[in-house]
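Take a look at the structure below.
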Amino acid sequence: MKVISRALSLILIAGLISSCNYTRLKESADTVQNFGEVNPEEKATMMNYKFISSKIFEAKCTSCHGSSGNVNLESYDSVKASLSKIQNTVFVEQTMPKRGSLTSEEKRLLWNWIKIGAPLDSAAPPPEEEPLIATYDSIRSHIIEPKCITCHNPAGTGNKVGLDRESLLNSPLELVLPGNADESGLIIALERKDDKRMPPAKEGYSALKPEVIQVIREWIMNGAN
Ligand code: HEC
Ligand code: HEC
């Protein structure tokens, strides 16, 4: 009886120790994830093998992990093949680099690179958004389409007021008077402070920013082309 209960408590203790160990490992992996994300620019310039290798593998590993050792970290293919071991020794067990360390910045880069699948090349940078400029096309795509078209279309509440260039120039409401922004109905509608302001406050829209209206003014002053 005594023997059995002693055996049982040994098993229990062993179980406790290994589950503690497991939590500790998991926690350290979680902590590392808090090194932070990479921003889009870093993604475009640093998340590739060449950069990571020059910063980390060549700088901190290949003195020991050259082609002669059991884990070779000198080429993309061999790094790829050892990825889970690298992740484990650097982030979980934290035994590598032996006799050295990675800065938190280096860990952040390596962690993020592995997280997205350790790509050979960086993903293409996101297309830069074109800024608003004083042409009708630019004003249409930046302002009219996202903020006005829901109402100013043939089936919308603002259907009597067309906001295409021809309609603006030919409107009996004198919405656009080339060379005269102050008296153009469009500018008046955007700048007024009462409940007739466009886009309408009562529908939950906020006023266009002064610098945006300034570009529309510029477009009108330049002849509304
Ligand atoms: C000073 C020498 C040295 C440096 C620098 C070094 N390592 Fe190691 N590494 C070793 C030795 C020795 C072993 C094998 C014995 C051991 O695990 O201690 C090893 C083992 C490994 C293993 C295999 C572990 C396994 O489970 O088989 C990996 C993966 C590894 N290192 C990754 C790295 C990475 C990544 C770096 C750089 C950030 C690095 N090492 C830097 C000496 C080094
Ligand atoms: C929620 C619907 C709605 C949105 C969004 C909206 N409008 Fe209007 N707009 C109207 C309505 C309704 C009228 C009045 C039409 C009428 O009188 O028949 C109007 C009238 C106008 C007029 C004529 C003003 C006048 O003096 O009579 C202009 C110019 C105008 N809108 C421009 C815009 C612009 C530019 C935007 C986007 C920045 C915009 N609107 C967004 C509903 C909207």
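One is the number of the first residue; the rest follow in order along the sequence. Side-chain atoms are counted along with the backbone in the values below, which use heavy atoms only and exclude waters and symmetry mates. When a ligand or atom number is given, it counts from 1 through the structure's own listing order. Note that the structure is a prediction, hence the values are computed from the model and not measured.
Enclosure of atom CD in Glu174 is not indicated, since only 12 or fewer non-hydrogen atoms of other residues, nucleotides or ligands lie within 6.0 angstrom. Other residues, nucleotides and ligands place more than 12 heavy atoms under 6.0 Å from the CD atom of Glu203. By the neighbour-count criterion of 12 heavy atoms within 6.0 Å, atom NZ of Lys60 is densely surrounded, having more than that number from other residues, nucleotides or ligands.
Within the 2.8 Å limit, Cys61 places no N, O or S atom next to atom 8 (Fe) of ligand 1. Residue Thr95 does not count as close to atom 8 (Fe) of ligand 1, with no N, O or S atom under 2.8 Å. At least one N, O or S atom of His152, from either the backbone or the side chain, sits less than 2.8 Å from atom 8 (Fe) of ligand 2.
Contacts between Asn159 and ligand 2, counted as non-hydrogen atom pairs separated by less than 4.0 Å, are absent for every part of the residue. Neither the backbone nor the side chain of Asn70 has a heavy atom within less than 4.0 Å of ligand 1. Residue Met96 touches ligand 1 through its side chain alone, judged by heavy-atom distances below 4.0 Å.
When all heavy atoms of Met47 and Ile116 are compared, the pair lying nearest together is CB-CD1, 3.9 Å. Nearest heavy-atom pair, Glu42 versus Asn39, reported as atom, atom and distance to 0.1 Å: N-OD1, 2.7 Å.
Under the 3.5 Å distance criterion, the side-chain polar atoms of Tyr76 are left unmatched by any main-chain donor or acceptor of Tyr49. Arg197 places no side-chain N or O within donor-acceptor distance of the main-chain N or O of Ala189, the cut-off being under 3.5 Å. Of the possible donor and acceptor atoms, none in the side chain of Lys147 sits under 3.5 Å from a partner among the backbone N and O of His142.
Among all protein heavy atoms, the one lying closest to atom 12 (C) of ligand 2 is Thr157 O, 3.5 Å. Counting only heavy atoms of the protein, atom 43 (C) of ligand 2 lies nearest to Cys151 CB, 3.4 Å. Of the protein's non-hydrogen atoms, the one nearest atom 27 (O) of ligand 2 is Leu173 CD1, 3.9 Å. When hydrogens are left out, the protein atom nearest atom 11 (C) of ligand 2 is Gly158 CA, 3.8 Å; that is the closest non-hydrogen contact. In terms of protein heavy atoms, atom 22 (C) of ligand 2 is closest to Val161 CG1, 3.8 Å. Shortest contact from atom 38 (C) of ligand 2 to any protein heavy atom: Cys148 SG, 2.6 Å. Atom 24 (C) of ligand 2 has Ala189 CB, 4.2 Å as its closest protein atom, hydrogens excluded (heavy atom only). Summary of contacts: the protein heavy atom closest to atom 25 (C) of ligand 1 is Lys85 CD, 4.0 Å.
The hydrophobic cluster containing Leu163 does not contain Leu177, counting ILVMFWY residues as joined when their side-chain heavy atoms lie under 4.5 angstrom apart, directly or transitively. In the hydrophobic clustering of ILVMFWY residues, with side-chain heavy atoms under 4.5 Å counting as a link, Leu208 and Ile188 come out apart.
On a distance-only criterion, Lys98 and ligand 1 share at least one N/O pair closer than 3.5 Å. Taking any N or O of Thr89, backbone or side chain, none lies under 3.5 Å from an N or O belonging to ligand 1.
Side-chain atoms of Thr135 and Ser138 include no donor-acceptor pair closer than 3.5 Å.
Each of the following atoms of ligand 1 lies closer than 4.0 Å to a heavy atom of Lys60: 5 (C), 37 (C), 41 (C). Atoms of ligand 2 found under 4.0 Å from any heavy atom of Tyr205 (numbered from 1 in listed order, with element): 1 (C), 5 (C). Taking every non-hydrogen atom of Leu175 and a distance limit under 4.0 Å, the qualifying atoms of ligand 2 come out as 29 (C). Interface of Val71 with ligand 1, defined as ligand atoms under 4.0 Å from a residue heavy atom, comprises 22 (C), 23 (C). Listed by number with element, the atoms of ligand 2 under 4.0 Å from a non-hydrogen atom of Leu186 are 35 (C). Residue Leu73 has at least one heavy-atom neighbour below 4.0 Å for each of these atoms of ligand 1: 33 (C), 34 (C), 35 (C). Near Cys64, meaning under 4.0 Å from any of its heavy atoms, are these atoms of ligand 1: 1 (C), 2 (C), 3 (C), 4 (C), 5 (C), 42 (C), 43 (C). Atoms of ligand 1 found under 4.0 Å from any heavy atom of Val90, numbered from 1 in the order shown, are 35 (C). Which parts of ligand 2 touch Pro199 is read off a 4.0 Å heavy-atom cut-off, strictly below it: atoms 38 (C), 41 (C).
Classified by interplanar angle (parallel below 30°, tilted 30° to 60°, perpendicular above 60°), the ring pair Trp111/Phe91 is perpendicular.
For the pair Asp194 and Lys196, the salt-bridge criterion is not met [side-chain N within less than 4.0 Å of a carboxylate O]. By the 4.0 Å N-to-carboxylate-O rule, Glu105 lies too far from Lys55 to be salt-bridged with it. Between Arg140 and Asp137 a salt bridge is recorded (basic side-chain N to carboxylate O distance below 4.0 Å).
Separating the OG atom in Ser167 from the CG atom in Leu173 is a distance of 11.0 Å, to the nearest 0.5 Å. A distance of 10.5 Å separates CZ in Arg217 from CG in Leu186, rounded to the nearest 0.5 Å.
Around atom 5 (C) of ligand 2, the closest heavy atom drawn from Glu203, Lys196, Lys147 belongs to Lys147. Proximity annotation for atom 20 (C) of ligand 2: of Lys202, Met198, Lys160, Met198 comes nearest, heavy atoms only. Residue nearest to atom 6 (C) of ligand 2, selected from Ala201, Pro200, Gly204: Pro200 (by heavy-atom distance).
Closest to atom 8 (Fe) of ligand 1 among the N, O or S atoms of His65 is NE2.
Atom 16 (C) of ligand 2 is not flagged as protein-proximal [any protein heavy atom, distance under 4.0 Å]. There is a protein heavy atom closer than 4.0 angstrom to atom 35 (C) of ligand 2.
Each of Leu132, Val176, Ile133 was scored for a side chain to side chain contact (heavy atoms under 4.5 Å, CB included) with Trp219, with one residue passing: Val176.
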